[in-house]
Enquirer: 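The structure follows.
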2 protein chains.
Amino acid sequence: MSAMRTYQHPDLATVTIEHALHALSDPVRLDIVRQLDREIEASCAALDGGRPKSSMSHHFRVLRAAGLVHTRIAGVQHMNTLRREEVDKRFPGLLDAVLGVKG
Amino acid sequence: MSAMRTYQHPDLATVTIEHALHALSDPVRLDIVRQLDREIEASCAALDGGRPKSSMSHHFRVLRAAGLVHTRIAGVQHMNTLRREEVDKRFPGLLDAVLGVKG
DNA sequence: CCTATAGTTCGATTATATACGTACTATCAT
DNA sequence: ATGATAGTACGTATATAATCGAACTATAGG
């Protein structure tokens with residue numbers, strides 16, 4: 001039996017701004033989003049910063065549920081990307097604002 | 001003896017984007033921010049939507065701590081405003097993005 | 001001075017998140 | 001098949017946050 005051949009990614013229309021803000025308000029997740037903004041695509045392990053796999057898995061799940069990250073399965077790795085265009089369409093300017101902050 | 005003659009409002013430079021996002025991610029607080037964006041200035045009671053005073057006081061405290069809201073004491077009322085300019089300077093585009101969302 | 005009003009503070013409860021070890025699943029290489 | 005690798009799922013512990021009643025503080029008005 002096979003679970004996890006592919007992921008469910010929510011329609012951005014069903015994601016509230018509160019939901020998105022909450023997902024972005026965690027330092028670990030914000031860091032993931034920042035890296036995906038730069039690196040375009042990365043495996044979970046590439047972004048873990050030494051944190052345990054189960055913790056990272058949790059954060060990726062939250063990011064997916066908030067419509068922010070897309071994950072595709074590529075062999076043994078799960079490659080993540082920012083859902084830039086869709087997020088920008090649903091929440092114009094949000095990612096620019098969040099990712100543009102220094103300090 | 002007198003506490004509470006005036007409020008402490010943090011310098012925006014000390015507020016992180018995570019902190020601001022967290023403050024905005026709560027529905028009650030986001031609603032407060034939305035109303036302040038329209039009404040310019042309002043007392044706590046004017047924005048309570050029927051919720052208990054102690055709950056509202058908590059949310060205003062979080063908003064103040066995140067540098068988003070300024071409160072001045074005017075007699076028996078505490079009048080709140082959005083710290084628009086300062087927040088815009090620290091997090092350009094954030095409030096526009098958050099307040100501009102429909103649905 | 002007494003009372004009403006607007007908010008705060010305290011404290012307890014409950015809900016929601018985070019963190020992460022362990023066990024499990026899927027894929028790939030040998 | 002075996003073993004290695006990447007990540008998920010589950011369970012539990014812990015931390016953080018929301019809710020709100022009750023007691024308190026400050027101000028205004030009679």
Side-chain angles (χ1 to χ4, degrees), chain A residues 1-10 16 18-33 35-36 39 41-66 68-81, chain B residues 1-9 15-16 18-33 35-36 39 41-66 68-81:
Chain A
M1 280 295 83
S2 61
M4 202 70 313
R5 221 177 278 294
T6 177
Y7 282 95
Q8 280 298 105
H9 295 99
T16 63
E18 290 94 329
H19 196 169
L21 292 170
H22 171 258
L24 291 167
S25 72
D26 179 272
V28 176
R29 289 193 294 264
L30 184 52
D31 210 61
I32 292 172
V33 169
Q35 292 195 68
L36 289 178
E39 329 235 333
E41 190 175 44
S43 68
C44 299
L47 305 176
D48 68 8
R51 270 173 271 269
K53 288 170 354 149
S54 51
S55 300
M56 294 310 287
S57 189
H58 160 70
H59 287 300
F60 278 106
R61 167 203 279 272
V62 172
L63 287 169
R64 278 190 299 267
L68 299 173
V69 165
H70 179 272
T71 307
R72 80 182 163 90
I73 299 184
V76 89
Q77 309 194 108
H78 298 201
M79 301 304 288
N80 305 282
T81 48
Chain B
M1 281 296 82
S2 62
M4 203 69 315
R5 220 178 280 296
T6 177
Y7 282 96
Q8 281 298 106
H9 294 100
V15 175
T16 63
E18 290 93 329
H19 196 168
L21 292 170
H22 170 259
L24 291 168
S25 72
D26 179 271
V28 177
R29 288 192 294 265
L30 184 53
D31 209 61
I32 292 172
V33 169
Q35 293 196 66
L36 288 178
E39 329 234 334
E41 189 174 44
S43 68
C44 300
L47 305 175
D48 69 7
R51 270 172 272 268
K53 285 158 18 135
S54 51
S55 299
M56 294 310 287
S57 189
H58 161 71
H59 287 301
F60 278 106
R61 170 203 276 273
V62 172
L63 287 169
R64 276 191 300 267
L68 299 173
V69 165
H70 178 273
T71 306
R72 81 182 163 90
I73 299 185
V76 88
Q77 310 194 108
H78 298 201
M79 301 303 290
N80 305 281
T81 50

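All heavy atoms count here, side chains included; hydrogens, waters and symmetry mates do not. Chain A is the first sequence line, chain B the second, and so forth, proteins listed ahead of strands; every chain is numbered from 1.
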Enquirer: Is a donor on one side and an acceptor on the other found under 3.5 Å between the side chain of B/Arg51 and the backbone of B/Met56?
Expert: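 Between the backbone of B/Met56 and the side chain of B/Arg51 there is no qualifying donor-acceptor contact (under 3.5 Å).
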Enquirer: Can you measure B/Met79 atom CE to C/dT8 atom P for me and round it to whole angstrom units?
Expert: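 One finds 13 Å between P of C/dT8 and CE of B/Met79, rounded.
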Enquirer: Tell whether B/Ser54 reaches the base of D/dG21 with its side chain through a donor-acceptor pair below 3.5 angstrom.
Expert: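 Indeed there is one.
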Enquirer: With sequence neighbours excluded, tell me which residues meet side-chain hydrogen bond (donor to acceptor under 3.5 Å, both in side chains) with B/Thr16.
Expert: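 For B/Thr16, no residue satisfies side-chain hydrogen bond (donor to acceptor under 3.5 Å, both in side chains) once neighbours in sequence are set aside.
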Enquirer: NE2 of B/His22 to CG of A/Leu24: how many Å apart, nearest 0.5 Å?
Expert: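 Here the rounded value is 13.0 Å.
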Enquirer: Report yes if the side chains of B/Val33 and B/Arg29 come closer than 4.5 Å at any heavy-atom pair, otherwise no.
Expert: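 Of all side-chain heavy-atom pairs linking B/Arg29 with B/Val33, none is under 4.5 Å.
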Enquirer: Please give me the minimum heavy-atom distance between A/Ala23 and A/Leu63, naming the atom from each residue.
Expert: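 Closest approach of A/Ala23 to A/Leu63: O-CD2, 4.2 Å.
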Enquirer: In residues 68-79 of chain B, what donor-acceptor pairs under 3.5 Å come from side-chain atoms, sequence neighbours left out?
Expert:
| from | atom 1 | to | atom 2 | distance (Å) |
| --- | --- | --- | --- | --- |
| B/Thr71 | OG1 | B/Arg64 | NH1 | 3.0 |
| B/Thr71 | OG1 | B/Asn80 | OD1 | 2.7 |
| B/Arg72 | NE | B/Glu41 | OE2 | 2.7 |
| B/Arg72 | NH2 | B/Glu41 | OE1 | 3.2 |
| B/Arg72 | NH2 | B/Glu41 | OE2 | 3.2 |
| B/His78 | ND1 | B/Tyr7 | OH | 2.6 |

Enquirer: Write down the atom of B/Ala66, the atom of B/Val15, and the distance for their closest heavy-atom approach.
Expert: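 In this case the closest contact between B/Ala66 and B/Val15 is O-CG1, 3.3 Å.
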Enquirer: Roughly how many Å is it from CD1 in A/Ile32 to C1' in C/dA19, rounded to a whole number?
Expert: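 Atom-to-atom, A/Ile32 to C/dA19, this comes out as 14 Å.
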Enquirer: C/dT9 P sits how many Å from B/Arg5 CZ, rounded?
Expert: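 Taking atom P of C/dT9 as the reference, CZ of B/Arg5 is at 14 Å.
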Enquirer: All N/O contacts under 3.5 Å from nucleotides 11-15 of chain D to the protein, with atom names and distances to one decimal?
Expert:
none

Enquirer: For B/Ile73 and D/dA26, what is the distance between atoms CD1 and P respectively, to the nearest whole Å?
Expert: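 It is 10 Å, rounded to the nearest whole Å.
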Enquirer: Given C/dT9, is OP1 or OP2 found less than 4.0 Å from the side-chain N or O atoms of B/Arg61?
Expert: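 Answer yes for this pair, as a side-chain N or O of B/Arg61 is under 4.0 Å from OP1 or OP2.
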Enquirer: For the CD atom of B/Glu39 and the OG1 atom of B/Thr81, what is their distance to the nearest 0.5 Å?
Expert: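 It is 13.0 Å, given to the nearest 0.5 Å.
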Enquirer: Taking atom P of D/dA17 as reference, at what distance in whole Å does atom CD of B/Glu18 sit?
Expert: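 My rounded result for the distance is 13 Å.
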Enquirer: Would you find a donor on one side and an acceptor on the other, under 3.5 Å apart, between the side chain of A/Ser57 and the backbone of A/Ser54?
Expert: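 No, A/Ser57 side chain to A/Ser54 backbone: no donor-acceptor pair under 3.5 Å.
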Enquirer: Let's see if you can work this out: which of D/dT8, C/dT9, C/dG21 has an atom nearest to the side-chain heavy atoms of A/Ser57?
Expert: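 Of D/dT8, C/dT9, C/dG21, D/dT8 is nearest to the side chain of A/Ser57.
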Enquirer: Report the distance from atom NE2 of B/His59 to atom CD1 of B/Ile32, rounding to the nearest 0.5 Å.
Expert: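 Atom-to-atom, B/His59:NE2 and B/Ile32:CD1 are 6.5 Å apart.
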Enquirer: Please report the distance, rounded to the nearest Å, between CE in A/Met56 and C1' in D/dT5.
Expert: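 One finds 17 Å between C1' of D/dT5 and CE of A/Met56, rounded.
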Enquirer: Ignoring backbone atoms, test whether A/Ser55 places a side-chain nitrogen or oxygen under 4.0 Å from the OP1 or OP2 oxygen of C/dC20.
Expert: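 Affirmative; the distance criterion is met.
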Enquirer: For nucleotides 15-18 of chain C, give me every protein contact, N/O to N/O, under 3.5 Å, one pair per line with atom names.
Expert:
| from | atom 1 | to | atom 2 | distance (Å) |
| --- | --- | --- | --- | --- |
| C/dT18 | OP1 | A/Arg29 | NH1 | 3.1 |
| C/dT18 | OP1 | A/Arg29 | NH2 | 2.8 |
| C/dT18 | OP2 | A/Arg29 | NH1 | 3.3 |
| C/dT18 | OP2 | A/His58 | NE2 | 3.0 |

Enquirer: Under a 4.0 Å heavy-atom cut-off, which of residues 44-51 of chain B touch DNA chain D?
Expert: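 When residues 44-51 of chain B is checked for heavy atoms under 4.0 Å from DNA chain D, there are no hits whatsoever.
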Enquirer: In whole angstroms, how far is the P atom of D/dG7 from the CD atom of A/Gln77?
Expert: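 Distance check: A/Gln77 CD to D/dG7 P gives 6 Å.
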Enquirer: Which atom names give the shortest non-hydrogen contact between B/Ala46 and B/Ala42, and what distance separates them?
Expert: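 Taking every non-hydrogen atom into account, CB-CB, 4.3 Å.
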Enquirer: Which nucleotide in the list D/dT8, D/dG21, C/dG7 gets nearest to the side chain of A/Lys53?
Expert: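 So the side chain of A/Lys53 is nearest to D/dT8.
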Enquirer: Under 4.0 Å: is that the gap between some side-chain N or O of A/Tyr7 and OP1 or OP2 of D/dG7?
Expert: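 No, because none of the side-chain N or O atoms of A/Tyr7 sits under 4.0 Å from OP1 or OP2 of D/dG7.
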Enquirer: Quick one: which protein N/O atoms are closer than 3.5 Å to N/O atoms of nucleotides 28-30 of chain D? Pair and distance per line, please.
Expert:
none

Enquirer: Regarding B/Arg72, tell me which of base, sugar-phosphate or nothing describes its non-hydrogen contacts under 4.0 Å with the strands shown.
Expert: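 If one applies the 4.0 Å heavy-atom cut-off, B/Arg72 turns out to touch nothing in the nucleic acid.
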